[in-house]
Amino acid sequence: MLQIKAVLLSLCILSVVFSVTSIEAKKSEAKQPHLVFILADDQGWNNIGLHNPDLIGGNTKSVAAEGIRFTNHHVFKFCSPTRSSFVSGRWPIHVNQENSATRQRYAGVPLNMTTISEKLAGVGYKCHHFGKWHVGQATMAHTPVGRSFETSLTFFNFGEDHYTQLRGGQAFFEGDPLALEDPPNCQGVDLWNHTTPAYGQNGTYGGYLFTNGAVEAINNHDPTTPLFLFAAFQNLHPPLEVPQSYVDVYPKNLRTTINGMATFLDESVGNLTQALKQKGLWDNLLLVYSADNGGYLGNGGDSRPFRGGKFSDFEGGTRVPAFASGGLIPSALRGTTVNTLLHIADWYATFCGRAGCDPVDARAASAGLPPIDSKDVWAVLDGSNISTPHADMCLSANPPATRHSLRYYGSGEGIIAGKYKLITGVQNPGPFGNGKPHPRCDNATMFPSSSQWGPKFPGVPCGCGDTGCLYDLESDPHETSNIAVTHPDVAKDLLARLVRYRAGVYAPDRGPIEAAACEQVVKNGGYWGPWLPSPVPWPPAV
């Protein structure tokens, strides 16, 4: 009897110990999931190992295999609008369709639009940003710290030298006319450490700086607090630069800088995910990966098999590599692929849905600004409903008054409804240059020549005009056959939708080029930074 009592007592003690241990384990985990968003730069469909077996590096494929790959995930056709879309939860037509000069005080996302980081910080998240920003810089309120990021190491402009972090030369290379006005004092170091210029931190390959910063933020994070990490890498954006060792791993016929940059980016993804797992965050985490636009044709970008590339509304410019991963993805769905029509703006509402914040932007509404377009797509991730939440999706729309002032130019527009897509106007695949098609631009749509638009090389007509070209994306995802003549009712319907969207485009005057921005570079000892002392009123929609 005494032995039985002793056994029962031992079991009771073990039960109490187990219960206490379980409670402590639960206390060590954040109730809300950790959220990570990785944004690649100028990564075409064929510039990633997920789609191109010639590329070296298996980290991205491994992480994607633990999640769901998206084969119909759309963004804007170039840089700042895509970033503005993600952080604001709006299609670019409702926040920003321009690569506005950093020296314009109204560039990027309006201050009265609530960003995803502000939403998440409001419900207890610790937010960190590393890499490219490009959504505003005029005041501290425009920078990551002003948008509720607790730490950040960033650069504000659209591009810079990967090693020196100097802004300037690449803008001339891309043919940006506003860059031609740059005085020498504007070509300073564009590297900002949260609240001050990143003095002494430049001079190292930027990919190392941003990867190491993100890993350090992960390692220092308290697991009991929910994490939001926004890692926006500069790879594969020109200038094409990478440590030579990443190029040398390739056989001679594939030994290109752009391939080395892709391998470096793959390694960065591996370093981040390894740190997340080692910290014990992975099982309660949702990670989303996306490129910001299609490949930059002529600069190593490769959007094959799709038509077009960066600066184009064709699929090669807006349909990008993307996937979701992490412990929140149901085990039965890991390693699967979905073709659901999604937009990068959708992650705003999806992240809010997981975090427990209301995605409605009341601050913007009170300022008379457009509401969010974002849809919570968690049902796609948990497999309960893989239908698209979008009745249609306007990729870009240019009202006649702004059609020839939006940078980077062109009158191109795009809209998707169901399986159909309508393209209008001039579609610019990039790069700017001497009017000769680059040998890698075999899927381009046209090229500029002495300010005139010549025929594309090779293939179908270069311009779709005001009435547009119509494509069936189910049977013709590479957009080779314009079916507008044989499907006039469909073309008419999509054009009518596009006209309605044109009426609601948010296109304020972003302001003049301000000399004070370059003067601030001098004041900062050769470093870029905010040049206005306090938040500035935002202009109403035009």
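Predicted model only: the values in this text are computed from it and were never measured.
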**Complete:** Here the gap from Asp302 atom CG to His51 atom NE2, rounded to the nearest 0.5 Å, amounts to 12.0 Å
**is_close_aromatic(Phe158, Phe78), centroid dist under 6.0 Å** = no
**Message:** To the closest 0.5 Å, what do you measure between CZ (Arg103) and SG (Cys518)?
**Reply:** 4.5 Å
**Prompt:** Heavy-atom distance under 4.5 Å between the side chains of Asn99 and His134, does that happen here?
**Reply:** yes
**Request:** For the residue pair Asp313 and Ser396, confirm or rule out a side-chain donor-acceptor distance under 3.5 Å.
**Result:** yes
**Prompt:** Are Phe264 and Tyr246 close enough that their ring centers fall under 6.0 Å?
**Reply:** yes
**Prompt:** Counting distance only, does the side-chain N/O of Arg354 pair as donor-acceptor with the main-chain N or O of Leu328 below 3.5 Å?
**Reply:** no
**Complete:** Interatomic distance, CG@Asn235 vs CE@Met261, rounded to 0.5 Å, equals 4.0 Å
**Request:** Answer yes if the side chains of Asn293 and Thr82 hold a donor-acceptor pair under 3.5 Å, and no otherwise.
**Result:** no
**Request:** Indicate yes or no: at least one non-hydrogen side-chain atom of Val247 is less than 4.5 angstrom from one of Asn259.
**Result:** no
**Prompt:** Is there a donor in the side chain of Asn47 and an acceptor in the side chain of Gln43, or the other way round, less than 3.5 Å apart?
**Reply:** no
**Request:** Kindly state whether the ring of Tyr527 and the ring of Tyr199 have centres lying under 6.0 angstrom apart.
**Result:** yes
**Request:** Please step through salt bridge (Lys or Arg N to Asp or Glu O under 4.0 Å) for the pair Lys126 and Asp222, ending with a clear verdict.
**Result:** CA-CA 9 Å; Lys126 300 296 183 182; Asp222 178 0; over 6 Å; no
**Prompt:** With distance as the sole criterion, is a donor-acceptor pair present between the side chains of Asn96 and Ser80 under 3.5 Å?
**Reply:** yes
**Request:** Compute the centroid of each ring, for Trp528 and then for Phe156, and state whether the two points are separated by less than 6.0 Å.
**Result:** no
**Request:** Assign the ring pair Phe228 / Phe230 to parallel, tilted or perpendicular, where the plane angle (0 to 90°) is split at 30° and 60°.
**Result:** parallel
**With sequence neighbours excluded, residues passing side-chain contact (heavy atoms from CB on, under 4.5 Å) with Ser290** = Phe37, Leu39, His73, Val75, Val320, Ala322, Ile344
**Prompt:** Where is the tightest heavy-atom contact between Pro92 and Pro81, given as atom of each residue plus distance?
**Reply:** CG-O, 3.8 Å
**Asked** So do the side chains of Phe76 and Asp292 get within less than 4.5 Å of each other, counting heavy atoms only?
**Response** no
**Prompt:** Where do Trp347 and Leu35 land on the side-chain contact (heavy atoms from CB on, under 4.5 Å) test, with the steps shown first?
**Reply:** CA-CA 10 Å; Trp347 300 111; Leu35 301 169; over 6 Å; no
**Message:** I'd like to check Phe130 versus Pro144 (side-chain heavy atoms, cut-off strictly below 4.5 Å). Are they in contact?
**Reply:** no
**Close side-chain approach of Val87 to Val109, heavy-atom, < 4.5 Å** = yes
**Prompt:** Atom OG in Ser88, atom CG in Leu369: separation rounded to 0.5 Å?
**Reply:** 10.5 Å
**Separation of Gln187 CD from Leu166 CG (nearest 0.5 Å)** = 8.5 Å
**Message:** Quick test of your reading: applying salt bridge (charged side-chain N to carboxylate O under 4.0 Å, His left out), list the pairs with at least one residue in residues 130-144, sequence neighbours left out, ordered by first then second residue.
**Reply:** Asp41-Lys132
**Asked** Do Lys310 and Asp42 have side-chain heavy atoms sitting under 4.5 Å apart?
**Response** yes
**Message:** Using a 6.0 Å cut-off, check whether atom CD of Gln201 has over 12 heavy atoms from anything other than its own residue.
**Reply:** yes
**Item:** Nearest non-hydrogen partners of Leu265 and Ala40, listed with the distance
**Value:** CD2-CB, 3.7 Å
**Prompt:** Tell me, do Thr211 and Leu272 make a side-chain contact under 4.5 Å, heavy atoms counted?
**Reply:** yes
**Request:** Flag the pair Tyr296 / Phe311 as yes when their ring centroid distance falls below 6.0 Å, and as no otherwise.
**Result:** yes
**Asked** Of the non-hydrogen atoms in Gln104 and Ile513, which two are nearest, and what is the gap between them?
**Response** CG-CD1, 3.8 Å
**Request:** Show the numbers, then the answer: is there a salt bridge (Lys or Arg N to Asp or Glu O under 4.0 Å) between Arg167 and Glu160?
**Result:** CA-CA 5 Å; Arg167 190 263 189 193; Glu160 62 182 6; over 6 Å; no
**Minimal non-hydrogen separation, Ala232 against Arg83, with atom names** = CB-NH1, 3.8 Å
**Contact summary for Asn59 and Glu267, nearest pair of heavy atoms** = ND2-CA, 3.7 Å
**Asked** If we only count heavy atoms from C-beta on, is the Arg319 to Trp45 side-chain gap below 4.5 Å?
**Response** yes
**Prompt:** Taking the six-membered ring for Trp, are His94 and Tyr506 ring centroids under 6.0 Å apart?
**Reply:** no
**Prompt:** How many angstroms lie between CH2 in Trp133 and CZ in Phe149, if you round to the nearest 0.5 Å?
**Reply:** 5.0 Å
**Prompt:** Does a side chain donor of either His74 or Thr318 reach within less than 3.5 Å of an acceptor in the other side chain?
**Reply:** yes
